[in-house]
Amino acid sequence: MENKWSDKQISDWVTQGALSKEAIWERVDKAVKGSYSFAFDGEPKPILPSLFHSLSTPDGLLTEAAFIALLQTKADLPRSPDGVAAAKILFSSLAYLSTLPFPSSTTTIPPSDGLSFAQLARALVWVIPDNYQYIVEEGNLSRQRSKADHRRLIFQSLALRLDHKPYYDAEAARRLALRNAFEVEYESRREHCALNHDDDGDEIYHDLLDVLYGTQITPSDPCYAPVYRDDFRPVAKQIAAEHDLDQIYALGIPVERFVALAKLLVGFQFTQLAEYRDRNGDLDLSGFDAAAQSVCAAFYHQNDAEHLGGTTSGVITWPMFDHGLKNVAPYLLDPLYNIICIIFMPHKRSPGISYLLDAPSLLPSGTPLTMPLLSQLTTFLGASFDFASFRRTLHYSASSDDKTTSSEQLIRAMETIPESAVLVFSAHESEEENDGRTEYIFGVFSYKPKQDGSSIQINSSVDQERCAIFQLAPVQGVFRGVVGKPGWTLTDSNTAVFGKLGSNNGGGGVVLKLKDGLRAADITHEVQVPAKSGSNGDADSSGGCGYVYEPTAWRGNWSLTSLHISDIEIWTD
């Protein structure tokens, strides 16, 4: 059979060396130039080259030390060991992204001598969401990149190649990739969505295909169309093998590494108050250690279900990272985008929302919702509140002499709030105060408190939450309500029930009960996972299982009975 024109064209490019790593990077660098080659009003010349020149060594490199100093002077990075540790991880992340589309964790990352200007520019294109259009061309001859593609690149940049490859379920991996492939912002873009994990290669291989297609040499003869993306598949497999490209399911983020970064990401959700700063004015990240541990616990569990792709001890794998960032802490990375834009792209609007968030001017004394916990709250409710106006409307303490507040009064107080509200409480398994007891922080977010009780409302606002039960400590979790089902009820015994009681009558899911005059709470988490459920860690969200609040599959079945409530509060903006 006669070879297609594209086969001959690709063969010619191989012979000419046009598909070598160096040649591909050269075309990538030329394409990336469009992201920084123009000046803005009031600027005599492009900002990024001038900034790099002022910071680089005589050899033209940005060193790790210079990067850290830049963050300290321009982005309020603490000079403490915690701050420096997080900055080193960020520099390593940029160094990894600078190697795309040839990522190989066997290479020393970051390079000991620093990043060149071209490497930095490449990294900046990949680290910010939807900034890749300079390199990747989407359309009917290629594929549409999704939000999950960006999450995955961040995962790769933080991960290491594991000595022992985790359990790999090819069927589950393809189900996850297929669902992720269609996660796009606009319905009109779904037409060109396509699976990027198949017999030829995984998502990293498909990134290479995207770049090969997007940066191909433009035919000089206008009669010829570009080479189709899929026509690059055979040569892409050869290139991937030649350069020992990473495989997504052979990578993992050490939990300790992610916690070190999460302290910075959680702490930077707000412009923090003076009480969380040291005498030099630096943010004290040690105060956010417990919050970071709780957030990271949502990304990792030793006994992950097999359908999540498995894990190795102390390592966060791609399916768990994807689930955590998509479902539990979708705004966790916003401070990273804000930092990058402040330093390297001051005229670009940060794609995150955290740069808009000012902390409440004063938190009331005795509140269980401390600043670290409030920062956790923004990682999934950041678009749902004006946190600068966040205020407490009700506070009940079990230690007070006032025992008049009942579950009914609590619910009525919540239902009088016209817009979004948060009910939050702290509890312990024992009333005895000691340093070793575990503190549990649970709550309920209501988008429409006047209506969610009888029927959970759909929230059509972009990126805003619907009614959900949440947990902040010791593990962060978000258990979203099923639209149309009653969000809460009051029983004859004056118990407030969020969810549907009893698995025998089609209940299950997550159920929260506030009982005994608001002195105690029960929480049950019952997973009902249909066969062949998705690998994102959530059970079927269609409501077919009968529950009101969706459980998280990997957390299994558990219950906390008669927790002793310390404080209950209601907040709104």
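Side chains are part of it too, since the values below use all heavy atoms of this structure and drop only hydrogens, waters and symmetry mates. Just so it is clear, the structure is predicted and the values come from calculations on it, not from any experiment.
In this structure, Asn494 contributes its side chain and Glu408 its backbone to a donor-acceptor pair below 3.5 Å. A donor-acceptor pair under 3.5 Å is absent between the side-chain atoms of Asp452 and the main chain of Ser446, judged by distance alone. Distance alone, capped at 3.5 Å, places no donor-acceptor pair between the Asp567 side chain and the Ser426 backbone. Within the 3.5 Å criterion, the main-chain N or O of Gly252 finds no donor-acceptor partner in the side chain of Thr317. The backbone N or O of Asn327 lies less than 3.5 Å from a partner atom in the side chain of Arg480, making a donor-acceptor pair.
Ring-plane geometry between Phe387 and Phe385 is classed as perpendicular, the angle between the planes exceeding 60 degrees on a 0 to 90 degree scale with a lower cut at 30. In this pair, His323 and Trp554 present their aromatic rings perpendicular. The plane angle is above 60°, beyond the 30 to 60° band.
Under the rule for a salt bridge (charged side-chain N to carboxylate O under 4.0 Å, His left out), the partners of Arg151 that lie at least two apart in sequence or sit in another chain are Glu183, Asp322. Looking at residues two or more places apart in sequence or on another chain, you find a side-chain contact (heavy atoms from CB on, under 4.5 Å) between Ala496 and Ser407, Ile411, Leu490, Phe498, Leu514. Remark: Pro254 engages Leu160, Glu256, Arg257 in a side-chain contact (heavy atoms from CB on, under 4.5 Å) (not counting sequence neighbours). Under the rule for a side chain to side chain donor-acceptor pair (under 3.5 Å), Ser80 has no partner lying at least two apart in sequence or in another chain. The salt bridge (charged side-chain N to carboxylate O under 4.0 Å, His left out) search around Asp76 returns Arg277, not counting sequence neighbours. Not counting sequence neighbours, Asp289 has no partner by the side chain to side chain donor-acceptor pair (under 3.5 Å) test.
Ring pair Phe479/His525: centre-to-centre distance below 6.0 Å. In this structure, the ring of Phe258 has its center less than 6.0 angstrom from the ring center of Phe321. Ring to ring, His150 and Phe155 are not that close: their centroids are 6.0 angstrom or more apart.
A donor-acceptor contact closer than 3.5 angstrom is absent between the side chains of Thr438 and His428. With no hydrogens or angles considered, a side-chain donor-acceptor pair links Ser93 and Ser157 at under 3.5 Å.
Between Ser559 and Asp522, the closest side-chain pair of non-hydrogen atoms is not below 4.5 Å. Gln156 is listed as a side-chain neighbour of Tyr96, based on a closest heavy-atom distance under 4.5 Å.
The ring pair (Phe, Tyr, Trp, His ring centres under 6.0 Å) with Phe470 is formed by just one residue from the set Tyr440, Tyr549, Phe380; it is Phe380.
The distance from atom CD of Gln376 to atom CG of Leu369, rounded to the nearest 0.5 Å, is 9.5 Å.
Between Arg466 and Glu550 a salt bridge is recorded (basic side-chain N to carboxylate O distance below 4.0 Å).
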